[in-house]
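One structure below.
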Amino acid sequence: MKSRVLVTDNLSAAGLEILNSHPDIELDVRSGLSTEELKAALQEADGIIIRSGTKLKADILAGQRRLKAIVRAGVGVDNIDVTAATKEGIIVMNTPAGNTISTAEQTIAMMMSLVRNIAPAHASMKAGKWDRKYFTGSQLAGKTLGVVGLGRVGIAVAQRAIGLEMKVLGYDPFISADRAAELGIELYRDIDEMIVKCDIATVHTPLNDQTTNLLNKERLAKMPKGARVINCARGGIVNENDLADALESGHIAGAALDVFVSEPPEAGNRLIGQNNILLTPHLGASTEEAQELVALEAAEIIVNFFVKNEVRHAVNIAPVSASEMQGVKRYIDLAYRLGLLLGQQSEGQGIKSVQLQYKGDVSGRPTKLMTSAFTCGLLHLALGDRINIVNSQLMASERHIAVQESTTKDSGDFTSLIQATVETDNGKVSAAGTIFGNEYLRLVRLNGHQLDAYLDGILLIYRHQDKPGLIGHLGTIFGKHGINIAHLALGREKLGGNAVAVVNLDSMPTEQAVKEVSGTLDVNAVDIVKLPTAGAGLPWLGL
Ligand code: NAD
Ligand code: MLT
């Protein structure tokens with residue numbers, strides 16, 4: 001079946017063409033949708049590509065059961081409620097690099113225009129004037145630029161400013177001193193120490209709780225008198241009212257803004273009326289090159305997601321390439337089945353915590369995905385198809401279930417082993433699984449017993465005393481009820497000691513058959529565990 005992809009913002013033709021011509025994708029381009037229309041359209045979509053125009057807020061994403069992926073053609077995901085998407089199990093991906101250069105060039109263009117009064121000089125000539133004195137500007141060479149946020153755009157701006165012979169200072173708590181030095185940027189770990197030295201400050205951070213109002217009244221006041229401010233990142237990183245005050249007082253000589261708290265800015269926004277300001281309507285990424293790059297990348301991301309299960313540039317799940325996914329699919333399946341097994345074994349006992357250990361070769365693969373898959377299985381009984389690989393960690397933490405994972409290269413008896421222990425109010429249950437011959441999923445440990453059982457279909461699990469004749473007797477019970485045994489695995493502590501049996505059955509045993517097994521002398525704790533059939537796809541990601 002084709003995956004249906006909705007596009008609700010303007011996407012360049014090259015991107016649409018990729019989607020339109022792909023045999024596995026059905027493209028649906030719609031724009032100007034009302035909230036209700038968007039909600040309805042999403043109910044029939046497997047994926048959506050948006051730019052900044054479409055707002056995917058919690059009320060729109062709530063209850064969207066078909067939608068699996070949101071791709072933002074661009075960087076900022078602040079028009080998407082990522083937490084709500086994660087809760088609904090929807091992957092959010094973006095195209096972080098396609099518009100970096102264009103945005104850096106826009107920043108440099110704004111900086112040059114600002115210090116040379118290009119916009120007002122142009123307007124004055126258009127008004128028929130020839131005023132050379134009034135528009136005397138400043139030279140950039142030799143001036144100090146402070147770059148707040150040294151990510152993709154911040155670094156590209158810094159490199160260009162160095163090319164203009166500016167002295168570049170930088171503030172970013174997450175960049176290494178070595179990297180900054182390599183780029184020729186004087187790094188500060190305290191923004192207040194940097195800001196006092198800047199002739200011009202430009203911000204390039206994401207907008208979040210830490211960066212909202214990063215340049216506020218106090219910090220603007222600390223800048224040297226006559227300094228200038230640029231924001232081509234997100235409205236609100238520089239407090240708009242505080243900036244308007246600083247411009248009016250003359251302490252800040254000029255500001256250039258491409259982004260605003262409200263876009264378009266609300267009527268009465270004090271910044272719009274300032275004389276010493278340069279404004280553009282969020283044009284940082286508005287070049288043909290950038291739009292083509294982000295559209296192509298967004299289209300590729302969504303196609304590869306649906307066709308190859310690749311997760312690229314995801315903001316709410318560990319990334320995994322198509323080739324990695326090929327190698328890890330079976331382990332994701334193994335982890336999921338172990339989760340289903342232990343979820344059914346611990347039903348009604350209150351799950352407190354989970355410990356997963358990845359041993360041997362598997363420890364070098366994307367274990368976070370396997371942990372998420374295990375958690376899906378573990379909570380499947382409680383949450384059904386509401387849980388998936390995207391939201392399972394969140395679902396577990398909302399239920400105060402601590403999920404921990406560890407890895408070791410030491411594999412013990414197997415090339416790879418996934419070992420899971422679930423702590424419940426009633427004690428611990430544990431299981432370990434491996435893959436034989438790159439294909440066959442096996443349960444090799446159950447509550448401390450070594451065995452070799454299939455991890456598919458219907459499992460009847462019981463504990464017993466290791467005694468002659470018992471297995472034959474149970475076989476007779478199943479035979480009498482017309483239930484075929486596909487495989488039988490036994491694990492025992494020692495000859496005649498405590499033992500566990502995992503019986504793979506070809507059909508669901510009747511209540512009477514289970515009663516007879518439970519009533520057999522020396523047999524106790526009989527459980528039926530239902531797992532997907534061998535080779536059945538995983539219910540999410542179309543695996
Ligand atoms: P990025 O993720 O590559 O870089 C962001 C940098 O900010 C990172 O290095 C991070 O360490 C740093 N940072 C995070 N919190 C910080 C803090 N509290 N203080 C200082 N630094 C902090 O992102 P990017 O691609 O460089 O984009 C930067 C910004 O530009 C984003 O807000 C993005 O949405 C915006 N953007 C705007 C346009 C436009 O059209 N105007 C286009 C592209 C990007
Ligand atoms: C981005 O976040 O990529 C930019 O703001 C450009 C855009 O909104 O498309």
Side-chain angles (χ1 to χ4, degrees), residues 7-12 15 49-56 71-80 82 92-111 146-160 169-177 179-180 183 185 187-195 201-216 219 230-238 256-261 263-264 278-295 297-298 301 313 315:
V7 176
T8 50
D9 288 324
N10 202 8
L11 200 68
S12 93
I49 299 182
I50 57 169
R51 286 182 54 203
S52 55
T54 303
K55 315 282 178 223
L56 293 178
V71 178
R72 162 73 159 97
V75 187
V77 289
D78 37 307
N79 53 328
I80 303 163
V82 178
V92 180
M93 295 172 272
N94 68 353
T95 63
N99 59 29
T100 298
I101 301 298
S102 289
T103 309
E105 287 183 358
Q106 168 89 1
T107 308
I108 297 290
M110 296 288 264
M111 178 166 69
V147 182
V148 180
L150 291 166
R152 284 171 292 257
V153 178
I155 286 177
V157 167
Q159 287 171 322
R160 281 154 182 76
L169 317 181
Y171 165 72
D172 187 324
F174 306 102
I175 193 176
S176 77
R179 175 77 180 126
L183 290 161
I185 301 169
L187 185 65
Y188 285 78
R189 292 296 186 204
D190 182 342
I191 187 171
D192 293 303
E193 280 177 22
M194 182 185 83
I195 212 78
T202 181
V203 296
H204 299 285
T205 67
L207 179 70
N208 55 35
D209 290 349
Q210 284 73 46
T211 60
T212 299
N213 300 327
L214 197 60
L215 289 196
N216 55 12
R219 292 212 169 103
I230 303 172
N231 185 0
C232 290
R234 280 293 178 268
I237 299 173
V238 182
L257 306 176
D258 184 47
V259 287
F260 306 87
V261 171
E263 293 186 1
L278 179 64
L279 305 167
T280 47
H282 203 143
L283 295 183
S286 294
T287 62
E288 281 166 20
E289 293 82 356
Q291 282 318 308
E292 183 154 326
L293 279 176
V294 297
E297 196 177 1
I301 285 176
H313 302 316
V315 301

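Counting starts at 1 for both ligands and their atoms, following the listed order. No experiment lies behind these values; they were computed from the predicted model shown.
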Okay, side chain of [X], backbone of [Y]: is any donor-acceptor separation there less than 3.5 Å?
| X | Y | answer |
| --- | --- | --- |
| N231 | R234 | yes |
| T95 | E297 | no |
| N213 | N216 | no |
| T212 | G236 | no |

So which protein heavy atom does [atom] come closest to, and at what separation?
| atom | value |
| --- | --- |
| atom 19 (N) of ligand 1 | Y171 CE2, 3.4 Å |
| atom 10 (C) of ligand 1 | D172 OD2, 3.4 Å |
| atom 38 (C) of ligand 1 | T103 CG2, 3.6 Å |
| atom 28 (C) of ligand 1 | H204 O, 3.3 Å |
| atom 3 (O) of ligand 2 | V75 N, 2.6 Å |
| atom 18 (N) of ligand 1 | T211 CG2, 3.4 Å |
| atom 23 (O) of ligand 1 | R152 NH2, 3.7 Å |
| atom 35 (C) of ligand 1 | A233 O, 3.6 Å |
| atom 15 (N) of ligand 1 | F174 CE1, 3.7 Å |

Closer than 4.0 Å to some heavy atom of [X] - which atoms of ligand 2 meet that?
| X | result |
| --- | --- |
| G76 | 1 (C), 2 (O), 3 (O) |
| R234 | 1 (C), 2 (O), 4 (C), 5 (O) |
| S52 | 8 (O) |
| N99 | 1 (C), 3 (O), 6 (C) |
| G74 | 3 (O) |

Under 4.0 Å from any heavy atom of [X], which atoms of ligand 1 are there?
| X | result |
| --- | --- |
| G76 | 34 (O) |
| H282 | 39 (C), 40 (O), 41 (N) |
| P206 | 5 (C), 7 (O), 14 (C), 32 (O) |
| G149 | 7 (O), 21 (N) |

To check you understand the geometry: which heavy-atom pair defines the closest contact between [X] and [Y], and what is its length?
| X | Y | answer |
| --- | --- | --- |
| T287 | S102 | OG1-OG, 2.7 Å |
| G98 | L293 | O-CD1, 3.4 Å |
| D258 | C232 | CB-SG, 3.8 Å |
| L150 | G170 | CD1-CA, 3.9 Å |
| H204 | G149 | CB-O, 3.6 Å |

Exercise. Report yes if some N/O of A285 lies less than 3.5 Å from some N/O of ligand 2; otherwise report no.
Key: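 Between A285 and ligand 2, no N or O pair is found under 3.5 Å apart.
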
Quiz item: Is there any N or O on Q291 that sits under 3.5 Å from an N or O of ligand 2?
Solution: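 No, no N or O pair falls under 3.5 Å.
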
Quiz item: Taking the minimum heavy-atom distance to atom 9 (O) of ligand 2, which of H282, R72, E263 ranks first?
Solution: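 Considering heavy atoms of H282, R72, E263, the nearest to atom 9 (O) of ligand 2 sits in R72.
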
Self-check item: Min heavy-atom dist V75 to ligand 1 below 4.0 Å
Solution: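 Contact check V75 vs ligand 1: positive.
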
Practice problem: Return yes when atom CG of N10 has more than 12 non-hydrogen atoms of other residues, nucleotides or ligands closer than 6.0 Å, and no otherwise. | Solution: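 For N10, atom CG is not crowded (no more than 12 foreign heavy atoms under 6.0 Å).
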
Any N or O of [X] that comes nearer than 3.5 Å to an N or O of ligand 1?
| X | value |
| --- | --- |
| L214 | no |
| T205 | yes |
| N208 | no |
| I237 | no |
| D258 | yes |
| G154 | no |

Gap separating the [atom1] atom of [X] from the [atom2] atom of [Y], nearest 0.5 angstrom:
| X | Y | atom1 | atom2 | value |
| --- | --- | --- | --- | --- |
| I237 | L214 | CD1 | CG | 7.5 Å |
| R189 | L187 | CZ | CG | 4.5 Å |
| M110 | T280 | CE | OG1 | 3.5 Å |
| E105 | T100 | CD | OG1 | 11.0 Å |

Exercise. Heavy-atom distances under 4.0 Å are what count here, so tell me which part of L150 touches ligand 1: side chain, backbone, both or neither.
Key: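 For L150, the contact with ligand 1 is made by the backbone alone.
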
Quiz item: Which part of C232 is near ligand 1, with near meaning a heavy atom under 4.0 Å away: side chain, backbone, both or neither?
Solution: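 The backbone, only.
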
Self-check item: Contact check, side chains of I50 and N79, non-hydrogen atoms, under 4.5 Å
Solution: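 Side chain of I50 against side chain of N79, heavy atoms only: contact under 4.5 Å found.
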
Practice problem: For the residue pair R72 and R51, establish whether any side-chain heavy-atom pair is separated by less than 4.5 Å. | Solution: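 The answer is yes; the side chains approach within 4.5 Å.
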
Exercise. Take F260 and L257 through the test side-chain contact (heavy atoms from CB on, under 4.5 Å) and record every step on the way to the result.
Key: CA-CA 7 Å; F260 306 87; L257 306 176; 3.8 Å; yes

